[in-house]
2 protein chains.
Amino acid sequence: MDDLNVTSDKRTHNWLDTLRSSGYRLTEPRQAVIDILAKSQRALNATEIFDLAREEYPSLGLVSVYRTLEKLEELELIQKVHHPDGCQSFIAGFTGHQHLLICQVCGQTEFFEGDDLAPLIEHVSRESGFTIEEHWLQFFGLCAKCK
Amino acid sequence: MDDLNVTSDKRTHNWLDTLRSSGYRLTEPRQAVIDILAKSQRALNATEIFDLAREEYPSLGLVSVYRTLEKLEELELIQKVHHPDGCQSFIAGFTGHQHLLICQVCGQTEFFEGDDLAPLIEHVSRESGFTIEEHWLQFFGLCAKCK
DNA sequence: TTGATAATGATAACCGTTTTCATTACGCGG
DNA sequence: CCGCGTAATGAAAACGGTTATCATTATCAA
C-alpha cells in the first residue's frame, strides 16, 4: 500500500510538472482531479472523478473535471478506456498508448506488452492491402481477487 | 458490384428470417434500416442510417432506427464499432464478434482472424493472474484505395 | 377478413457534455 | 512580498444525441 502511494505521489508530481512546463497553471481543482486519477487502479469517468475529488475538495465544479481531463489527455498522461458499457472513462497511462487488461467485476486494470502482435499485423497487412498504422488491443476477464 | 449486391441481398434475407424466427414482425421501417446496413462496407451511426434509409423510405422515424439497431445487436447480426471519434456506429458482422481493420480515411472495414493471439493471451494470463475471457482487437490504417 | 397487439412516428423528457460569463486566484514582474 | 494581467474557475444555461411516452397504424395468426 505504501508502495502504491509513493508511486502515485510521484506520478502526481510528474503530472503537475508536465502541466507547468506546458504553460498551464497549477490550480487546486486540477490537483484534486489529478490526485484521484493518479492513484486509481481502474478507469473513472467524469462523474466518478467529480464525486471522489469532492470528498477532498468540495468546491470543485464538474466542468473543471471535464476541462482537466481534456488537458491530461492532450498531454497523453491519461488515456480513454473503451468498454462494452461506455467509452468515457480514463485511466493513467505510463507511456502513452498501452494495451489494457480489465477485470469485468471490479474494473481493476493492468497494462501489458503486445509485441507478439507484429507477425499478425504483418500477415493481415499483406492479405488486405492495408497499411496498418495503429492498433487497439484489450483483454477482459477476472482478476486474481475476483475469480 | 453484382457480387456485392447478391451478397447483401442474401444477408438482408437472412436477417429478416432471423427476426421472424425470433418473434419479431417484418415491417417496412425495419427493412429500410436493414437494407442500408446489409450493404454498407463501413460502420454507420443512427443518424447516417436514418438519412440513407429515408432516401428509399421517407416516412421512416429516427426512433425506429434506434429500436431496430437494438434488436439487430441483440441478435448479433450487427456489432458496435469503437473508433477514436465515437463508439456509436454499427457494422454487419458475419459471425458474431470479429476483429476489424478500419481505413482511417474512407472508413471501409474488413474482418480478419486473430488466432495468432492465443499465445499472447496465454502469456498475459500467466503473468497477471487474470482469467482472460474476452478480447478486443482492432487495426487502423489506410486501405488499398486510400493510400 | 378480423382482431389482438407489436411496432410506429411525433413529441417531450432525459442526461451527459459544452458553452457562456462574471468572478476568482495563479504566478510573473517589480 | 505585493499587485496586476489573465488563465482558470463554478454556476447556470444551452446543446445534442438517446430514450420514454402515447395515440395511431399495420402485421400476421386464427
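In the text below, chain A, chain B and the rest are named by the order of the sequence lines, each starting its count at 1.
Checked against the 6.0 Å centroid threshold, A:His82 and A:Trp136 count as a close aromatic pair. When ring centroids are compared, A:His83 and A:Phe140 come within the 6.0 Å threshold.
Side-chain contact between A:Phe130 and B:Ile102: absent, with no pair of heavy atoms (C-beta onward) separated by less than 4.5 Å. Looking at heavy atoms from C-beta onward, B:Leu100 lies out of side-chain contact with B:Leu137 at the 4.5 angstrom threshold.
Ranking C:dG9, C:dG16, C:dC26 by closeness to the B:Ser59 side chain, first place goes to C:dG9. Looking at the side chain of A:Thr27, the nearest of the listed nucleotides D:dT18, C:dT8, D:dT9 is D:dT9. The side chain of A:Ala46 approaches C:dT17 more closely than any other nucleotide in the set C:dT17, D:dA20, D:dT9.
When the nearest nucleotides of DNA chain D are assigned to B:Glu70 and A:Arg30 by heavy-atom distance, the more 5′-ward of the two goes with A:Arg30.
For the pair B:Asp51 CG and D:dG17 C1', the computed distance is 14 Å after rounding to whole Å. Between B:Leu62 atom CG and C:dA10 atom P the separation is 10 Å, expressed in whole Å. Protein atom CG of A:Leu16 is 14 Å distant from nucleotide atom P of D:dA8, rounded to whole Å. If you take OH of A:Tyr24 and C1' of C:dA25, they are 19 Å apart, rounded to a whole angstrom. The distance from atom CG of A:Leu69 to atom P of C:dT18 is 10 Å, rounded to the nearest whole Å. As a whole-Å value, the separation of B:Glu28 CD from C:dA7 P is 15 Å. For the pair A:Tyr66 OH and C:dT20 C1', the computed distance is 17 Å after rounding to whole Å. Note: CZ (B:Arg67) to P (D:dT25) measures 16 Å, nearest angstrom.
Contact between the side-chain N/O atoms of B:Gln88 and the OP1/OP2 oxygens of D:dG17 is not found at any separation under 4.0 Å.
With hydrogens and angles ignored, no donor-acceptor pair under 3.5 angstrom links the side chain of A:Arg25 to the base of D:dA8. Interface remark: the A:Arg20 side chain does not form any donor-acceptor pair with the C:dG27 base, using a distance-only criterion of under 3.5 Å.
Exactly one residue among A:Asp35, A:Leu37, A:Ile36 makes a side chain to side chain contact (heavy atoms under 4.5 Å, CB included) with A:Val33. That residue is A:Leu37.
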